[in-house]
Amino acid sequence: MNYVALLKIFAQEKPDKPYIILRNRQITYQQAWKDVISFVTPAWKDQFPENFKTPVLIVTQDVYHQLLAFLAVMDAGQIPIIGHYDLPETAERELTERNHIGFILTEGEKGWTLRKSEAVEPAPYPNACMGVLSSGSSDVPKVMYRTYESWAGFIPEQNRRFLIDGDAVVFAEGSFSFTGNLSVWASVLYAGCTLAVSETFNCRQWLSMIEDYKVSVLYLVPAKLKALARYLKQQYPSMRMILAGSQLLGAKTAEQLKKYFPGSDIILYYGASELDYITWLDYEEVLRFPDSVGKPVPGVKVWVEKGLIYIDTPYHVEGLEQPCTLHDTGYFNEEGYLIFNGRESDIINKGGFKISCTKVENALCSLPEIAQAVVIPYDDPGRGQEAAAFVVCDRNISRQELRQHLKNLLMQQEMPKKMILLDEIPLNSRGKTDKDALKKLLE
């Protein structure tokens with residue numbers, strides 16, 4: 001079984017059922033199948049190797065075309081990888097060279113072009129059916145390879161927990177180069193239900209689509225959920241589930257979402273492109289432990305050694321030895337919930353005193369005046385490293401007032417040296433904080 005076969009099955013069983021809903025168009029399962037089998041031209045097929053699979057990087061901003069090309073390349077016997085469309089040209093070139101990408105399939109104003117790289121080589125893992133990119137906030141992403149089973153093996157459990165069944169309408173926003181979005185798409189295709197997708201960061205448009213298409217499952221990273229919460233004015237009774245991952249959500253945001261989506265549960269998960277889902281917790285648990293990312297998902301073992309989180313899971317990318325650590329830090333509280341302290345690189349060493357950027361973020365977000373906050377380390381000539389806080393406020397408040405409030409929550413050494421007030425936190429196409437943009441603000 002693979003994702004192309006799933007699409008074909010539902011094209012036959014549910015030909016007129018909406019597969020993808022966009023703002024101005026709908027694509028049925030039957031139409032999507034026709035688009036996939038007609039996408040790869042004879043000229044492209046002649047260039048693809050016959051005896052082995054090679055990676056094909058797909059670059060387009062059109063989210064439906066990302067999935068169309070992804071499935072068509074898979075159907076042609078190659079390894080599709082959806083690229084980050086906002087990746088700088090130099091980073092894309094380095095990505096291609098470093099990972100021995102065989103072809104680059106690009107959509108421009110005049111349509112699609114297929115460009116062959118200097119060396120077409122077999123993919124490093126012949127059993128893989130696709131590649132995914134790391135979705136960090138900076139630097140050149142890395143390519144990771146997945147078999148169908150490495151995701152599909154857990155989909156029955158996650159669909160049960162996430163309430164994704166044949167009647168679900170699932171909403172997501174942004175590019176499918178973000179592995180979280182691609183994983184949700186795989187869950188939708190597995191269930192044969194409908195995926196509603198917004199191609200723009202527009203909270204009013206999201207709410208309009210949620211109401212118009214009776215969305216039952218909402219998937220957004222916490223930064224986008226926090227932005228959405230500021231626009232909520234009415235209740236949306238169709239919603240049954242809100243999913244969030246990659247960052248902490250916070251009790252304040254969870255309570256606001258529950259107010260306007262009263263029939264929904266909220267699940268916050270901790271996961272990674274390399275490993276799929278690791279831990280999760282529901283709405284009541286978020287309220288009890290707002291700084292936690294939950295307990296291990298079924299079939300996955302999680303423990304902490306010397307402050308580093310270790311994972312042993314069958315749902316991992318090819319070539320990743322188990323157990324492993326992603327160099328995330330944390331600990332388990334007395335109730336067995338994992339407390340996430342952030343990446344090892346986000347722990348600031350300030351003259352020998354260790355500061356967690358995540359802890360400072362959580363302290364800021366707990367203040368009623370704060371809508372969003374991001375804290376990053378930066379080099380300081382005098383002290384080695386310091387913390388810079390970037391804050392979006394719900395009402396006018398001065399830096400001095402914020403610092404006064406923080407004194408009740410943080411030690412003096414943990415107070416951010418720089419506090420920058422913003423109208424919004426910059427995000428990249430993967431929904432992650434654009435830390436390069438924040439660092440430029442510091443400069």
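Just so you know, these numbers use all the heavy atoms, side chains as well, and skip hydrogens, waters and symmetry mates.
- Judged by distance alone, the side chain of Ser150 and the main-chain N or O of Thr147 form a donor-acceptor pair under 3.5 Å.
- More than 12 heavy atoms of other shown residues, nucleotides or ligands fall within 6.0 angstrom of atom CD in Glu335.
- Inspection of the Gln205 and Ser198 side chains reveals an N or O donor paired with an N or O acceptor under 3.5 Å.
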Practice prompt. Quick one: do Glu199 and Asp62 satisfy side-chain contact (heavy atoms from CB on, under 4.5 Å)? Show the steps, please.
Written response: CA-CA 8 Å; Glu199 300 175 84; Asp62 186 300; 4.3 Å; yes

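- Between the side chains of Asp16 and Tyr29, no donor-acceptor pair is found at a separation under 3.5 Å.
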Worksheet item: Does the pair Leu268 and Trp280 meet the rule for a side-chain contact (heavy atoms from CB on, under 4.5 Å), with working shown?
Response: CA-CA 6 Å; Leu268 175 69; Trp280 53 22; over 6 Å; no

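- Rounding to the nearest 0.5 Å gives a distance of 8.5 Å between CD1 of Ile79 and OG1 of Thr54.
- Environment of CD in Glu118: sparse, with no more than 12 heavy atoms of neighbouring residues, nucleotides or ligands closer than 6.0 Å.
- Between the side chains of Arg23 and Ser208, at least one donor-acceptor pair of N or O atoms lies under 3.5 Å.
- Checked by atom type and distance alone, the side chain of Thr329 never pairs as donor or acceptor with a backbone atom of Leu308 at under 3.5 Å.
- A cation-pi arrangement is absent between Lys17 and Phe10, since the terminal nitrogen or guanidinium carbon is not both under 6.0 Å from the aromatic centre and inside a 45° cone about the axis.
- Going from atom CD1 of Ile81 over to atom CG of Leu57 covers 6.0 Å, rounded to the nearest 0.5 Å.
- Between atom OH of residue Tyr277 and atom CD1 of residue Ile311 there is a gap of 15.5 Å, rounded to the nearest 0.5 Å.
- Shortest non-hydrogen contact noted between Leu225 and Ala244 is CD1-CB, 3.5 Å.
- More than 12 non-hydrogen atoms from other residues, nucleotides or ligands lie less than 6.0 angstrom from CZ of Arg25.
- The side-chain heavy atoms of Leu441 and Leu422, taken from C-beta on, include a pair separated by under 4.5 Å.
- The shortest distance between side-chain heavy atoms of Met74 and Cys129 falls below 4.5 Å.
- A 4.5 Å side-chain heavy-atom check between Arg240 and Ser264 finds every atom pair outside the cut-off.
- Residue pairs satisfying the ring-ring contact (aromatic ring centres under 6.0 Å, His included) criterion with at least one member in residues 219-256, sequence neighbours excluded, are listed as follows: Tyr236-Phe261.
- By the 4.0 Å N-to-carboxylate-O rule, Lys258 lies too far from Asp282 to be salt-bridged with it.
- Aromatic ring centroids of Phe332 and Trp303 lie 6.0 Å or more apart.
- With contacts defined as side-chain heavy-atom distances shorter than 4.5 Å, the pair Pro426/Asp436 does not qualify.
- The minimum heavy-atom distance linking Arg230 with Asp423 is given by the pair NH1-O, 4.1 Å.
- Between Phe171 and Tyr213, the distance from one ring center to the other does not fall under 6.0 angstrom.
- Salt-bridge formation is detected for the pair Lys142/Glu274: a Lys NZ or Arg NE/NH1/NH2 atom is positioned less than 4.0 Å from an Asp or Glu carboxylate oxygen.
- Ser187 contributes atom OG, which lies 9.0 Å from atom CG of Leu243 (distance to the nearest 0.5 angstrom).
- Atoms OH and CE, on Tyr148 and Met130 in that order, are 10.5 Å from each other to the nearest 0.5 Å.
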Item to complete: Run the numbers on Phe103 and Arg115 for side-chain contact (heavy atoms from CB on, under 4.5 Å), then give the verdict.
Response: CA-CA 6 Å; Phe103 295 85; Arg115 178 165 53 88; over 6 Å; no

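- In terms of modelled atom types and a separation under 3.5 Å, the side chain of Lys14 and the main chain of Ala11 share no donor-acceptor contact.
- Heavy atoms only, all atoms of each residue included: Glu173 and Leu220 are closest at CB-CD2, 3.7 Å.
- Classification of the Tyr3-Trp185 ring pair by plane angle, with boundaries at 30° and 60°, yields tilted.
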Item to complete: With side chain to side chain donor-acceptor pair (under 3.5 Å) as the test, would you mind laying out the steps for Asp328 and Tyr270 before giving the verdict?
Response: CA-CA 11 Å; Asp328 290 339; Tyr270 164 50; 2.6 Å; yes

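- Between Ile104 and Lys116 there is no side-chain heavy-atom pair separated by less than 4.5 Å.
- Judged purely by atom type and a 3.5 angstrom limit, Thr28 has no side-chain atom pairing as donor or acceptor with the backbone of Pro18.
- Remark: side-chain polar atoms of Thr60 are not paired, donor with acceptor, to backbone N or O of Gln66 under 3.5 angstrom.
- A donor-acceptor pair under 3.5 Å links the side-chain atoms of Ser366 to the main chain of Ala363, judged by distance alone.
- For the 3.5 Å distance criterion, the side chains of Ser175 and Gln61 fail to qualify, holding no donor opposite an acceptor.
- Under the 4.5 Å side-chain criterion, counting only non-hydrogen atoms from C-beta, Phe176 is in contact with Leu67.
- Considering all non-hydrogen atoms of both residues, Ser273 and Leu133 come closest at OG-O, 3.9 Å.
- The backbone N or O of Glu92 lies less than 3.5 Å from a partner atom in the side chain of Thr96, making a donor-acceptor pair.
- Contact annotation: the side chain of Glu211 approaches that of Gln234 to within less than 4.5 Å [non-hydrogen atoms, C-beta and beyond].
- Judged by distance alone, the side chain of Thr313 and the main-chain N or O of His316 form no donor-acceptor pair under 3.5 Å.
- Between the side chain of Gln235 and the backbone N or O of Lys259, at least one donor-acceptor pair lies under 3.5 Å.
- Asp75 places no side-chain N or O within donor-acceptor distance of the main-chain N or O of Leu71, the cut-off being under 3.5 Å.
- Nearest approach of Ser216 to Ala168, heavy atoms of both residues: OG-CA, 3.5 Å.
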Practice prompt. Please assess Trp151 against Tyr190 for the test ring pair (Phe, Tyr, Trp, His ring centres under 6.0 Å), listing each intermediate value before the final yes or no.
Written response: CA-CA 11 Å; Trp151 264 356; Tyr190 193 95; over 10 Å; no

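- Counting heavy atoms of neighbouring residues, nucleotides and ligands inside a 6.0 Å radius, atom NZ of Lys295 exceeds 12 of them.
- Taking the six-membered ring where tryptophan is involved, the planes of Tyr19 and Tyr64 are perpendicular, since the angle between them exceeds 60° and thus also 30°.
- For Glu121, the CD atom is densely surrounded, since the number of other residues' heavy atoms within 6.0 Å is greater than 12.
- Leu207 is listed as a side-chain neighbour of Leu228, based on a closest heavy-atom distance under 4.5 Å.
- Atom CG of Leu257 sits about 6.5 Å away from atom CG of Leu249, to the nearest 0.5 Å.
- Pairing each heavy atom of Leu326 with each of Ala272, the nearest pair is CD1-CB, 3.3 Å.
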Worksheet item: What's the verdict on side-chain contact (heavy atoms from CB on, under 4.5 Å) for Ile37 and Trp33, showing C-alpha distance, side-chain angles and the deciding distance?
Response: CA-CA 6 Å; Ile37 60 176; Trp33 172 245; 3.4 Å; yes

